[in-house]
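Since this is a predicted model, take the numbers as computed values, not measurements. Note on naming: letters A, B, ... go to the chains in the order of the sequence lines (proteins, then strands), and numbering restarts at 1 for each one.
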Protein chains: 2
Amino acid sequence: MRRIAPDRDQLLAIVAEVFREHGYEGASLALIGEATGLGKGSLYHFFPGGKEEMARAVVAHIDGWFEENVFAPLRDSADPLAGIEQMLEATDSYFRSGRRVCLIGAFALDESRDLFAGQIRDYFGRWVTHLADALARSGHRPDEANELAEEAVAAIQGALTLARAANDLDVFSRALRRLRVRLGLPVKT
Amino acid sequence: MRRIAPDRDQLLAIVAEVFREHGYEGASLALIGEATGLGKGSLYHFFPGGKEEMARAVVAHIDGWFEENVFAPLRDSADPLAGIEQMLEATDSYFRSGRRVCLIGAFALDESRDLFAGQIRDYFGRWVTHLADALARSGHRPDEANELAEEAVAAIQGALTLARAANDLDVFSRALRRLRVRLGLPVKT
DNA sequence: GACACATTGTACCGATCGGTACAATGTGGG
DNA sequence: CCCACATTGTACCGATCGGTACAATGTGTC
């Protein structure tokens, strides 16, 4: 074994940005090659499965980031409200306060959903589940916690769509502020 | 003048479904031709501007439907709450209780946004504005009405994404039920 | 330096892309 | 019937699609 590719993370991040901007169909190998500075030879060396493997790896990479920075705090924080607070901060920074779009959410909408259905369902399912757990631990009734969690994740996705449509980042920050209130967190001044 | 195309509405509805399923990039002329039963000759006869004109017409068509079935009731109902109720029912039926996706929301996410930015912003802008007006007339403070309207439209968009991701229609109907409560409507049994 | 293997650039493939040209075929009004 | 025009099918265009083949070039190990 030679070495672990040192910047596979960075590579995946760049490819992710292309998929985010152009969607699965719109992200051509030419665009990906241009963005990464890699020719087809290199791309197919790293991803023998081609475009589909690239997208799958990107989704897994994003999933891993959320696992570490969003789901883990929800699961592991001794104080559930502190975990929820971390979730919101990580979410805000990940989506760059609304400048960025949720790639997995975008994949969920069109036909590419069929290719990645399992990964997509898993991502959102864990998000809702872990948030619901934290809400239950913070004192909500279980069924109420589930509804609230579903509402919160949907609110984030919807706010991303609306912010992008209106080209107005404030839409997203207003949504996050409402979520703080709704989830029982102190509102930042 | 010969005649007005009798089924242009139906044609647009079919084309819309293709864009909904495959996204702007993924909706090839071959798919559109197959779905409509029209060859390229006919398609370019009706839409000389090609794919972009088709999408623009589809978006305008959807916009018109919402204007008539969603925005107008919000604007014109003597009882604002009745208008909001009509909005929710029309929305539920339009999105087929979550089976359908919002094409304009999907367009807002990827690069096709640049092509249709004006139409997209207008659609969501009017939705929020008219809902906010109705909420204000139903007794909410203006700024509160605006936030609530934004929250509601985002909740619908987010619920569509989540329902599609989870492949679970109940996600959407639960979101609508929560919205009824949130907007001050009686909840259906 | 020699070998193994990782990485890359280039040329090429058939298929499909969006779009155009145009002749053939309806079809309603005079 | 005939004309004007709406509608359609087909053939074709250059460009680009995702993907493959492979030789050339790094690069670390011995």
Side-chain angles (χ1 to χ4, degrees), chain A residues 1-61 103 106-107 110-116, chain B residues 1-59 103 106-107 110-116:
Chain A
M1 190 187 312
R2 291 313 171 90
R3 63 183 173 113
I4 296 293
D7 42 355
R8 179 178 163 93
D9 273 14
Q10 193 187 345
L11 175 59
L12 283 176
I14 297 174
V15 177
E17 215 53 43
V18 180
F19 279 119
R20 234 187 291 271
E21 285 298 311
H22 303 275
Y24 182 71
E25 293 292 333
S28 68
L29 293 183
L31 282 171
I32 295 173
E34 186 185 344
T36 59
L38 295 177
K40 286 192 185 187
S42 307
L43 287 175
Y44 272 85
H45 174 70
F46 293 122
F47 307 98
K51 193 170 161 179
E52 181 175 337
E53 182 176 341
M54 294 179 210
R56 217 171 281 282
V58 159
V59 171
H61 186 249
L103 177 128
F107 276 9
D110 61 28
E111 59 175 350
S112 51
R113 191 196 78 116
D114 301 335
L115 280 174
F116 312 111
Chain B
M1 188 187 310
R2 291 316 172 91
R3 62 181 176 117
I4 295 295
D7 41 356
R8 180 178 162 94
D9 273 14
Q10 193 186 345
L11 175 59
L12 283 176
I14 297 174
V15 177
E17 216 52 44
V18 180
F19 278 119
R20 235 186 292 272
E21 284 298 310
H22 303 275
Y24 182 72
E25 294 291 333
S28 67
L29 293 184
L31 283 171
I32 295 173
E34 187 184 344
T36 58
L38 295 178
K40 285 193 187 187
S42 307
L43 287 175
Y44 273 85
H45 174 70
F46 294 122
F47 307 99
K51 193 171 161 179
E52 182 176 336
E53 182 177 340
M54 293 179 211
R56 216 170 281 281
V58 159
V59 172
L103 177 130
F107 276 8
D110 60 28
E111 58 175 350
S112 51
R113 191 195 78 117
D114 300 335
L115 280 174
F116 311 111

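Per the geometry, CD belonging to B:Glu25 stands 8 Å off P belonging to C:dG18, to the nearest Å. The distance between atom CG of B:Leu11 and atom P of D:dT7, rounded to the nearest whole Å, is 11 Å. Regarding B:Glu52, its CD atom lies at a distance of 12 Å from the C1' atom of C:dG18, rounded to whole Å. If you measure from atom CG of A:Leu29 to atom C1' of C:dC12, you get 15 Å, rounded to the nearest angstrom. Atoms OH (B:Tyr44) and P (C:dA23) sit 20 Å apart, rounded to a whole Å. In this structure, CZ of B:Phe46 is placed 18 Å from C1' of C:dT20, rounded to the nearest angstrom. Rounded to an integer number of Å, the gap from B:Ile32 CD1 to C:dG19 P is 10 Å. Counting to the nearest Å, the P atom of C:dC22 and the NE2 atom of B:His45 are 18 Å from each other.
Nucleotide C:dC12 forms a pair with D:dG19, judged by Watson-Crick or G-U wobble geometry with both contacts under 3.5 Å.
Inter-residue side-chain proximity for A:Met54 and A:Tyr24 is flagged as unmet; no heavy-atom pair is nearer than 4.5 Å.
Put simply, the side chain of A:Arg113 never gets that close to the backbone of B:Glu21: no donor and acceptor are under 3.5 Å apart.
Of the listed nucleotides (C:dC17, D:dT8, D:dC17), C:dC17 has the atom at the smallest distance from the side chain of B:Ser28. Between D:dG18, C:dT7, C:dT20, one nucleotide has an atom nearer to the side chain of A:Lys40 than all others, and that is D:dG18. Here the side chain of A:Lys51 is nearest to one of C:dG19, D:dG19, D:dA6, namely D:dG19. Here C:dC17 is the nucleotide among D:dG19, C:dG18, C:dC17 with the atom lying nearest to any side-chain atom of B:Ala30.
Judged by closest nucleotide on DNA chain D, B:Gly37 is the one of A:Tyr24 and B:Gly37 placed further toward the 5' end.
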Pair B:Phe47-B:Glu52, side chain to side chain contact (heavy atoms under 4.5 Å, CB included): steps then yes or no:
CA-CA 9 Å; B:Phe47 307 99; B:Glu52 182 176 336; over 6 Å; no
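In this structure, A:Ala57 and A:Arg8 approach most closely via the heavy-atom pair CB-NH2, 3.9 Å.
Electrostatic pairing of B:Arg20 and B:Glu17 counts as a salt bridge here, judged by a charged N lying under 4.0 Å from a carboxylate O.
Look at A:Ser42 and you won't find any side-chain N or O under 4.0 angstrom from OP1 or OP2 of C:dT7.
Using a 4.0 Å heavy-atom criterion, one finds that A:Gly41 contacts the bases of the nucleic acid, with or without backbone contacts as well.
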